[in-house]
Structures are given as C-alpha cells and as structure tokens.
Amino acid sequence: MALDFSIILRFQEALALGLWMTIKLTLICVVLGCSLGFLVGLARTSRRSLLRAISGVYVEFFRGTPVLIQLFWIFFCLPLILGVELSNLASGVIALTLYMGAITSETFRASLKSIGPEQLDACVALGLPRRVQVTNVILPQAVLRAVPTLLSNCVSLFKESALVSAVGMADLMFVGQNISNNTARPVEVLTVVAIIYFVIAFPLTRAVTLVERRVLAKLAI
Amino acid sequence: MMSANAPLVSIKSLRKSYGPYIQVLKGLDIEMKPGERVVVIGPSGGGKSTLLRVMMGLEKIDSGSITFGGEPYISSKGSDKKTVIDTEVRRSIGMVFQHYTLFPHLNVTQNLILAPCKVRGENKVSATKRAHALLDRFGLGAKANAYPAQLSGGQKQRVAIARALMLDPKLMLFDEVTSALDPELVAEVEQVILQLAAQNMPMMIVTHDMWFAKNIASRVIFCAGGVVVEDGPPEQVLGSPKEERTRDFIDRVFHIRH
C-alpha cells in the first residue's frame, strides 16, 4: 500500500480547528500555570513551614504522577466532589494548569535561590525597604533567570496538551486520531500531525537559545 | 549637638561570634573622629570585614554598642540579646563591597537612582541628573546606559562607589574593594577613593594594599584575633610598629624577610 498524503488536504479545516484548540488551551494554561507556579515557588522558599509543607506536597504529587491520570481524575472525580458537571475545556484547563504550576514552581524556586546573598547585602547597605527589595531587585532577577527554563516548560506543555484528547477535547491530537480512524490512513495523518506539532515547538526551543545568548548574556545572569 | 571633637563613630566592647565556638570580635573599642580616614589592616579572619559588616547593620552582634554622630544605632537588647538597629541613623553610612554587588538587571544609571528614588522619594529627573554628574566625575559618563556585565571590574567598582554616594553618606565603608580586581585596574578605583579623601569624606577602609593604606590613611588600626592590637598614625603602625604582632604582619606583607 503506497502512502498517499493528498488525503490530508481534504481535512485541512478540521486540523486547523484542532490546532486552534490546542494553541488556545496551551496559552490559557501557560498564563495561569506560570502565575500559579510563581506563587508556589515563593511559598516553597517561604520562612513559614506550613506554607512550605503544603506547597511541597502539591508540587511532588503533580510532578510524581502521570499527567494522563491527573487529567482523568479531574475529569471524572472532580465533578463528583464538587457536584457540578465540568466541560471538557474546563477540566483540561484545570488539569494542565495544576501540572504547569507544579513544574514552573520548581523553575521559579531554583531562580529565586540563585540570587546570591550579596544582592541582599547591597539592598540593606542602600537602605532599600523590604517591599522595594522584592519588587525591584529579587523579582526581576528571578523572572529573567527563569525565562529559558520557562520556555522549555511551555514547549513541554504544548506537547503534553495532546493528552486532553483522551477526555474527548477536540484538540489537534483528537482531530488527527478521528481522521486516521475514519480514513484508515494512520501513518499519513499522524505524521502530518506530528509535523504540525514540531513546526510550532521547534521555533520555541530555538527561542530559548536566543534568549540565553542575547538577553541573559548581556546581563550575565 | 555635635561638637568638633565629639567622635563620629564610637564602638564600645563589640563582641560577635558565628556559632558557639567561633568568636570573631572579642570586645572591640574604636573611636573615630570626624574627617578621619581609618584603614584597618590585619591577617585574614582577624575580624576586619566583620567589623565593617556589623557597622553597616548586616550582622547581628552578641554584645556592645555603636553610636554614630552621638546617636546609638546598633546595640543588643533584652534577655535574648536581640540586635537592635536604628535604620534612620544607618542611612548616613554607605558601603562598598569586594564583589561590587551591582544589580545585574539594571543599567548603570538605574543602579544609581534606585535608592534615591525609592528611599528618599527623589524624582527621577533630578536623581538621573545627579547620577550623570557623578558618573562624569568618575570618568564613567560614557557608561551611563551600560549594564554591569558590560563593564570591567574597575568600572563596576567605581559605579558601586558612585551608587553609595548618591545617598550623600556621612561615612563610607570600603571592604576590600580592590581585592577582586586585576592588578592593572586597582589604581583607577583607588584614585576615586583618594578623590573622596581629598574632600574630607570620613571613611573606614579594610585593605590588603599597603601602598594604598599608606597613601590614604590618617590613622591605621591593626586588628588581629578579634581585638585592636595597635592603633596610631600610618607612619607609626606601618613604618615602625610598637607591637611585636604588628611588626611580624607588616614584615610579612612587605616581604622583607626571606
């Protein structure tokens, strides 16, 4: 049986809609997940042991279990606990945000820890109040240092988001599987879907290098 | 009111230890008069840097007190010996560190104006104007928009000095500010400090550079084992020290005995 890629052309529109859903889901979860991750990163470096303990349990749980199970758990169990039916999109967003929050919190924690104590000495010697130390000295450096790893985290999330097809969300992966089932052309369809994922993820991974060379090298941080 | 002869800084029985066994300062008494330029020399681990860090309020103390301009600003109080620091008084003191400690994400001008704008509420335009004037004076006018990573060690240290001066300190502390520099960059930093000395800025300097000590000091303190061993004019302490331990140290750093 010869490979026939022309079949894909008939499903352009469906694939575009799937891709749009994947991008939308990724963007929402990047924004929510990074915000959550930053707060959790702060909590994990906090002086309060209760905050450290709660945030630690959350991070270890979500880093240590498969995303697919987290997704199923939120899709099936959360409605039972909350007593409300969640849409596919809502459960996908909740699951991936919690996952993204857990992995980016580790990124932020590492970048917060990498700011040397001598920076704080300088703050004290200049008489900067605590609030200014955090907002003008610690925060900007922590975020800048985190950027390369955060971009990698985003690329991972973009690819992991394919898992939401398992709970019936019509993302790129879901559409691809549907087409491949209906046309019995899995090789052609899934190859094209993989290429689409790659074409978007690859420039992002290159952006990581670019940021490292241009921005971070200039600041040497 | 401060009279002309009242001490600028008065350190009384200052004690400081790291943990239960390592005593760094063992009852230090130093009085510094206005206009004095005190250079503190001594072997590593003798407590020189710790003294400066304590004076800046960066370290807790075990006991003792420090007054500045007659006002006590560092003391230890209560049964748990908590270190109490008066931050208002402390703002009259500026400090420059061995490793520059510039803020890497801010350019030179932003480094200089951060504290004046945030601490004193100075407006950005006037702070920037003062910053540029100061940078010009230190030969750094062309670097106003550079980031710290784009500067040489000597330039970084001059920026660090300018940053401290932006707050109009009444006393400057220099903690081994040339120790991390390549030898050919030391002079440009020392020139800037000499320039300040010519304007009668009171300062306390920890350094290993004996040439510099001789040139800038109005008084030299030899500190070893957490106490002041010898204290006097530079000609005495560096030239013909009275104490055996000072003599040993000076001989060794000047490589006289071989």
Side-chain angles (χ1 to χ4, degrees), chain A residues 34-35 37-38 41-42 45 47-48 104 107-151 207-221, chain B residues 49 52-59 73 85-107 110-121 145-151 156 159-169 171-175 180:
Chain A
C34 286
S35 314
F38 185 76
L42 277 180
T45 49
R47 261 174 271 174
R48 295 170 195 220
T104 56
T107 308
F108 281 119
R109 183 166 76 126
S111 73
L112 282 168
K113 278 182 110 177
S114 71
I115 298 170
E118 73 282 351
Q119 287 283 311
L120 289 178
D121 284 351
C123 289
V124 173
L126 290 170
L128 298 178
R130 185 69 193 152
R131 183 182 50 79
V132 177
Q133 293 180 21
V134 172
T135 57
N136 293 69
V137 178
I138 299 171
L139 244 182
Q141 289 189 57
V143 172
L144 277 171
R145 280 171 205 222
V147 164
T149 322
L150 284 179
L151 279 174
V208 175
T209 325
L210 206 69
V211 167
E212 276 172 344
R213 283 213 196 120
R214 292 276 166 83
V215 185
L216 299 183
K218 183 173 163 197
L219 304 178
I221 59 177
Chain B
S49 287
L52 258 54
R53 291 180 59 82
V54 166
M55 287 172 75
M56 192 68 249
L58 294 167
E59 301 282 347
Y73 78 105
I85 298 168
D86 183 330
T87 50
E88 273 311 309
V89 176
R90 182 176 65 181
R91 280 192 190 143
S92 312
I93 303 174
M95 183 164 181
V96 183
F97 301 87
Q98 182 178 355
H99 294 290
Y100 330 118
T101 64
L102 296 177
F103 303 128
H105 61 296
L106 301 178
N107 70 25
Q110 291 166 334
N111 261 282
L112 262 63
I113 68 172
L114 179 65
C117 292
K118 297 289 179 183
V119 177
R120 300 204 304 202
N145 297 317
Y147 283 88
Q150 299 166 318
L151 304 177
K156 277 187 218 173
V159 171
I161 294 171
R163 184 175 68 173
L165 291 174
M166 285 294 286
L167 294 166
D168 303 312
L171 167 69
M172 282 291 290
L173 306 175
F174 294 98
D175 186 10

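Chain A is the first sequence line, chain B the second, and so forth, proteins listed ahead of strands; every chain is numbered from 1. Just so you know, these numbers use all the heavy atoms, side chains as well, and skip hydrogens, waters and symmetry mates.
Here the NZ atom belonging to B:Lys118 is positioned 13.5 Å from the CG atom belonging to A:Leu126, to the nearest 0.5 angstrom. Rounding to the nearest 0.5 Å gives a distance of 12.0 Å between CD of A:Glu118 and OH of B:Tyr100. Here the CD1-NE2 distance, from A:Ile115 to B:His105, works out to 8.5 Å after rounding to the nearest 0.5 Å.
Between chain B and the options A:Leu120, A:Val132, A:Leu144, the largest number of non-hydrogen pairs under 4.5 Å is found for A:Val132.
Closest of all the heavy-atom pairs between A:Asn136 and B:Leu114 is ND2-CD1, 3.6 Å. Nearest heavy-atom pair across B:Val119 and A:Gly127 is CG2-O, 3.4 Å. Looking at every heavy atom in both residues, A:Asp121 comes nearest to B:Arg53 through OD2-NH1, 2.8 Å.
Within the 4.5 Å cutoff, the side chain of B:Phe103 has heavy atoms near those of the A:Cys123 side chain.
In this structure, chain A has no heavy atom under 4.5 Å from any part of B:Pro148. Of the two parts of B:Leu102, only the backbone, made up of N, CA, C and O, holds a non-hydrogen atom closer than 4.5 Å to a non-hydrogen atom of chain A. In this structure, chain A has heavy atoms under 4.5 Å from both the backbone and the side chain of B:Arg163. Of the atoms belonging to A:Leu128, heavy atoms from both backbone and side chain fall under 4.5 Å from chain B. For B:Phe97, the part sitting under 4.5 Å from any heavy atom of chain A is the side chain, from C-beta outward, and nothing else.
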